[in-house]
Amino acid sequence: AAIGIGEFLVKCPSCESHQYADGLVVSNYYHVYYIPIFPVDKHLNLICRNCGIKRYGAAFDSTMISNYEETRRKYRHPWFTYTGVGIVLFLILIAIIVSI
């Protein structure tokens with residue numbers, strides 16, 4: 001699921017320059033029977049503005065993004081993506097209460 005679109009200061013692996021790239025931050029989820037439970041990872045789909053190379057699945061970390069700390073705060077997982085964990089915990093709590 002897409003979290004956001006923006007521009008990122010990255011070191012392009014093709015032209016080897018620190019360049020701004022247009023990117024899409026994508027979140028991966030842990031699934032149980034095709035139901036997303038909670039987010040586990042983020043990655044980037046980038047297009048370098050200098051050479052035009054497209055890179056899918058790039059790491060969303062400080063090795064790829066020069067201004068990582070600022071970017072990490074801007075592209076957080078939305079709060080409602082953790083509702084799957086809440087539902088599972090609620091069902092476990094109900095099962096414990098019913099069994100007592």
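Just so we're clear, the structure is a prediction, and the values are computed from it rather than from any experiment.
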Is the shortest side-chain heavy-atom distance between [X] and [Y] below 4.5 Å?
X   : Y   : answer
Q19 : V10 : no
V40 : F38 : yes
L44 : I65 : yes

Common cluster, [X]/[Y], ILVMFWY with side-chain heavy-atom separation under 4.5 Å:
X   : Y   : answer
Y34 : Y30 : no
L89 : Y33 : yes
V88 : V32 : yes

* **Pairwise salt bridge (charged side-chain N to carboxylate O under 4.0 Å, His left out) hits with a residue in residues 57-69, at least two apart** =>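 Passing the test, one end in residues 57-69: E69-R72.
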* Under the side chain to side chain contact (heavy atoms under 4.5 Å, CB included) criterion, do Y56 and V26 qualify, and how do the steps go? -> CA-CA 10 Å; Y56 299 102; V26 180; over 6 Å; no
* side chain to side chain donor-acceptor pair (under 3.5 Å) against R49, all qualifying residues, sequence neighbours excluded ->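 By the side chain to side chain donor-acceptor pair (under 3.5 Å) rule, R49 matches E7, D22.
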Return the minimal non-hydrogen interatomic distance between [X] and [Y], and the atom names on each side.
X   : Y   : answer
H77 : S27 : CE1-OG, 2.8 Å
N50 : S17 : ND2-OG, 3.7 Å
S14 : I53 : CB-CD1, 3.6 Å
G57 : N45 : N-OD1, 3.1 Å
K11 : H18 : CD-CE1, 3.8 Å
L46 : A21 : CD2-CB, 4.3 Å

* NE2 of H43 to CG of D41: how many Å apart, nearest 0.5 Å? ->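 So the NE2 of H43 and the CG of D41 are separated by 8.0 Å.
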* **Gap separating the CD atom of E70 from the CG atom of L9, nearest 0.5 angstrom** =>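 Here the rounded value is 10.0 Å.
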* Asked: Are there more than 12 heavy atoms of other residues, nucleotides or ligands under 6.0 Å from atom OH of Y68?
  ->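 Yes.
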* Asked: F8 and Y75: aromatic ring centres closer than 6.0 Å?
  ->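 So the answer is yes for these two rings.
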